[in-house]
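Written out below as structure tokens is the structure these notes cover.
Just so it is clear: chains get the letters A, B, ... in the order the sequence lines come, proteins before strands, and each one is counted from 1. Bear in mind the structure is a predicted one, so any value in this text is a computation, not a measurement.
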Amino acid sequence: MAEARCGLWARPFCGQLRAADAGRRVELAGWVRRRRDLGGIIFVDLRDREGWVQVLFPEEPLKSQAASLSHEDVVRVVGTVRPRPADMVNRELPTGEIEVLAEELEVLSTAHVPPFVVEDQVNASEELRLRYRYLDLRRPEMTRGLLLRDRITFAIRQYFHEMGFVEVETPILTRSTPEGARDFLVPSRLSRGAFYALPQSPQLFKQLLQVAGLGRYVQIARCFRDEDLRADRQPEFTQIDVEASFVQEEDIYTLIEGLFARIFPLVGIHPPERFPRLAWSEAMERFGSDRPDTRFGLELVELGAVSATCSFEPLQRAAAQGRVKGLVVPGGAAFSRKQLDELSEAVKPFGAPGLLWFRKTAEGYASPAKRALGEEGVAAFLAAAGAGEGDLLVAVGGPPKVVFAALGALRLQLARQLGLLPAHRHDFLWVTDFPLLEWDEETRRYYACHHPFTSPHPSDLERLESDPASVRARAYDVVMDGVELGGGSIRIHDPELQRRVFSVLGIGEEEARRKFGFLLEAFRYGAPPHGGIALGLDRLVMLMAGRESIRDVIAFPKTTAGNCLLTDAPNTVDEAQLAELHLRLT
RNA sequence: GGGGUGGUAGUUCAGUUGGUUAGAACGCCGGCCUGUCACGCCGGAGGUCGCGAGUUCGAGCCUCGUCCACCCCGCCA
């Protein structure tokens, strides 16, 4: 290589030296991870992003110099790589077969005592880690996350490029659109009283790029949503945003299955060639979730019929007015009173009043509803659920949404509790046939389940106005191990159909023209049929890195209150800045 | 908006029924030590118990408020 001209770039990373480098004279630069001063000899672990290597200072005057080094000092070392004596090899370390005998030492920067020890095994609070994020990111497991994220995004770009996709950047300063999440707003200085909004996703732009004839678009795009945070939700996050012309659902499935086949092997996971499909309604009925974790059983059972004819009034009523479903917990008959109470508490946040349990043990049938149901009644429920002796049946009744949410959550809790989650199995699947619309009782109107540009299923089109809730969408989600990795749809490209959908959504002609006029107009000038998908990159990397929070794979994340502890953002601004923006605080 | 958990030395934590001098480990400082790799050994320093009120003879501990972090529900087309 061009070592003579690019000597600096040829310098090896500390963590990459191996036995094969023995005999090499190297210049290293890095951070002092640890110093072991044995008096007559000093060992220094020199760390960079790739790992660390042991540097040896056996003789004066270098030894005295090394003696003054402390944690996180930045140094340059020139030395010779040599094999360690056979009985001094450290098998735990990738660099453990060699060490560097120092010949030169230069302190480039001294470090204050860090607020926490920069090591994987220190458990400094996340608050402190976020305040000193640059120190936190020096920890190998954090560095690994950033490096993995880089390899993943690189592979993604490579894949889409090979597939004929073009990466196009779309505006960050754009306009607010109705529906969806709360917008982040940016006041305009030049247009008094007007605001830009940060994009919730590049949705409209990627559709316009199809009208523009790009055909295959991809962008690793930052998106912004001003909603409350979670372990898997940040106010700004990254989407792998994809859109293509002349495609059907199957084309998108193939594309994403190919992408996953490319990237998951980076972490030793090998997805199946084709992912199973599950209709939304089936996912809800069997798993109580539109992003089911199919790695274990514990599927929901139907108790509507047995409830309707039973003599326990609350369940009878629930069956008549809503749904009654349950879960069979194998061996759960042994659950204590306290455990049963905990299960009951667990469903309450979802709007269920509690749950009813049934069991048969050697002592006989038991249930809180036994007085009303009698032995045969309890037996009928257990039989309907296919529960045997020693099993526990739990039932929830109520509106479908509540029943599914409660049992879906309970199913996951029980799986964790009973250790049913397999460690090395990963399930990928497509959830298809989502409903197009969802009725909202509070505002007395329909909302788009996916977004208002999603194409209705052609065979359901005739019911769009007469029975909107029954119309299926050409929408799909890709799910891994119970996590929604992304979702998309085949879009509407016909201005007339788009108007019909807007109308069902209660968006009138005038409002549609005002807010989406540019899209409707664009569709008049030759719009190709198109569709796409967006994948949550942060979640994807989190899963691949085996981390529990997307904060762990974002270099500078916000806290759950939306604060950046490092920069102390958000913060106040000068009066003068506000005045320029024609803003006044109330 | 609602519910839960936590906040004590630089860090991670312990701290009994409210009791007089708030502890441990790691880190830090000084000393010794030639094959360590969580080096070891000896010695030492280090505290606004998140913040503000209140109860009490007396509060790290009880009460109220408040701030911060984390988890969940709502919210997130």
Taking all non-hydrogen atoms of both residues, which atom of [X] and which atom of [Y] are closest, and how far apart?
{"X": "A/Val26", "Y": "A/Pro12", "value": "CG1-CG, 3.9 Å"}
{"X": "A/Ala475", "Y": "A/Thr454", "value": "CB-CG2, 4.1 Å"}
{"X": "A/Ser470", "Y": "A/Arg463", "value": "OG-NE, 2.6 Å"}

Measure from [atom1] on [X] to [atom2] on [N] and round the result to the nearest Å.
{"X": "A/Glu127", "N": "B/rG10", "atom1": "CD", "atom2": "C1'", "value": "15 Å"}
{"X": "A/Gln234", "N": "B/rA69", "atom1": "CD", "atom2": "P", "value": "12 Å"}
{"X": "A/Tyr132", "N": "B/rG27", "atom1": "OH", "atom2": "P", "value": "20 Å"}
{"X": "A/Leu128", "N": "B/rA9", "atom1": "CG", "atom2": "C1'", "value": "14 Å"}
{"X": "A/Arg129", "N": "B/rU12", "atom1": "CZ", "atom2": "P", "value": "11 Å"}
{"X": "A/Glu72", "N": "B/rG27", "atom1": "CD", "atom2": "P", "value": "14 Å"}
{"X": "A/His112", "N": "B/rC29", "atom1": "NE2", "atom2": "P", "value": "12 Å"}

If I pick the [atom1] atom on [M] and the same atom on [N], what distance separates them, to the nearest angstrom?
{"N": "B/rC33", "M": "B/rG18", "atom1": "C1'", "value": "49 Å"}
{"N": "B/rG2", "M": "B/rG60", "atom1": "P", "value": "31 Å"}
{"N": "B/rG52", "M": "B/rC42", "atom1": "C1'", "value": "45 Å"}
{"N": "B/rG35", "M": "B/rG23", "atom1": "C1'", "value": "36 Å"}
{"N": "B/rC71", "M": "B/rC49", "atom1": "P", "value": "29 Å"}
{"N": "B/rA24", "M": "B/rC62", "atom1": "P", "value": "24 Å"}
{"N": "B/rU17", "M": "B/rG6", "atom1": "C1'", "value": "24 Å"}
{"N": "B/rU55", "M": "B/rC61", "atom1": "P", "value": "15 Å"}

Rounded to the nearest 0.5 Å, the CG atom of A/Leu565 sits from the CZ atom of A/Arg131 at a distance of 5.0 Å
What side-chain donor-acceptor pairs closer than 3.5 Å can you find for residues 37-44 of chain A, not counting sequence neighbours?
residue : atom : partner : partner atom : Å
A/Asp37 : OD1  : A/Gly39 : N            : 2.9

Given the options A/Gln207, A/Arg491, A/Gln203, A/Glu243 meets side chain to side chain donor-acceptor pair (under 3.5 Å) only with A/Arg491
Task: cation_pi(A/Arg138, A/Tyr134) dist<6.0 Å, angle<=45 - done: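 Ring-cation test returns no.
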Give one of base, sugar-phosphate or nothing for [X], where a contact means two heavy atoms less than 4.0 Å apart.
{"X": "A/Ser201", "answer": "base"}
{"X": "A/Gln203", "answer": "base"}
{"X": "A/Pro115", "answer": "sugar-phosphate"}

Using a 3.5 Å cut-off and no angle test, enumerate the donor-acceptor pairs between side-chain atoms of residues 87-96 of chain A and protein atoms at least two apart in sequence or in another chain.
residue : atom : partner : partner atom : Å
A/Asn90 : OD1  : A/Glu92 : N            : 2.9
A/Thr95 : OG1  : A/Trp52 : O            : 2.8

Salt-bridge test for A/Glu236 and A/Arg225: reply yes if a basic N is under 4.0 Å from a carboxylate O, no otherwise.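 The answer is no: the pair does not qualify as a salt bridge.
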Please determine whether a side-chain nitrogen of the Lys or Arg among A/Asp460 and A/Arg474 lies less than 4.0 Å from a carboxylate oxygen of the Asp or Glu. no
In short, side chain to side chain donor-acceptor pair (under 3.5 Å) pairs touching residues 403-414 of chain A with sequence neighbours left out are none
Within the sub-3.5 Å range, which N or O atoms of nucleotides 70-75 of chain B have a protein N or O partner, and how far apart are they?
residue : atom : partner  : partner atom : Å
B/rC70  : OP1  : A/Thr560 : N            : 3.3
B/rC70  : OP2  : A/Thr560 : N            : 2.5
B/rC70  : OP2  : A/Thr560 : OG1          : 2.3
B/rC70  : O3'  : A/Arg551 : NH2          : 2.9
B/rC71  : OP1  : A/Arg551 : NH1          : 3.4
B/rC71  : OP1  : A/Arg551 : NH2          : 2.7
B/rC71  : OP2  : A/Arg551 : NH1          : 3.3
B/rC73  : OP2  : A/Arg230 : NE           : 3.2
B/rC73  : O2'  : A/Pro349 : O            : 3.1
B/rG74  : N7   : A/Arg230 : NH2          : 2.9
B/rG74  : O6   : A/Arg230 : NH1          : 2.9
B/rG74  : O6   : A/Arg230 : NH2          : 3.4
B/rG74  : N1   : A/Asp228 : OD2          : 2.7
B/rG74  : N2   : A/Asp228 : OD2          : 3.4
B/rC75  : O2'  : A/Glu227 : OE1          : 2.6
B/rC75  : O2   : A/Arg233 : NH2          : 3.2
B/rC75  : N3   : A/Arg233 : NH1          : 3.1
B/rC75  : N3   : A/Arg233 : NH2          : 2.8
B/rC75  : N4   : A/Arg230 : NH2          : 3.2
B/rC75  : N4   : A/Arg233 : NH1          : 3.0

message = Expected output is a numbered-order residue list: members of residues 471-486 of chain A with a heavy atom under 4.0 Å from any atom of RNA chain B. What is it?
response =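 The answer is none.
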A correct 5'-to-3' footprint of nucleotides 35-45 of chain B, with B, S and - meaning base, sugar-phosphate only and no protein heavy atom under 4.0 Å, is BBBSB------
Regarding the side chain of A/Asn563, the nearest nucleotide among B/rG27, B/rA69, B/rG10 is B/rA69
Next item on the list: Please work out whether the ring planes of A/Phe516 and A/Phe502 are parallel, tilted or perpendicular, with thresholds of 30° and 60°.
Entry: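 Parallel, since the angle between the ring planes stays under 30°.
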* Asked: A/His457 versus A/Val471: any side-chain heavy-atom pair under 4.5 Å?
  ->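 The answer is no; the side chains never approach within 4.5 Å.
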*If each of A/Val117 and A/Ser125 is mapped to the nucleotide of RNA chain B with the nearest heavy atom, which maps nearer the 5' terminus, i.e. the 5' end?*
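It is A/Ser125, whose closest nucleotide lies nearer the 5' terminus.
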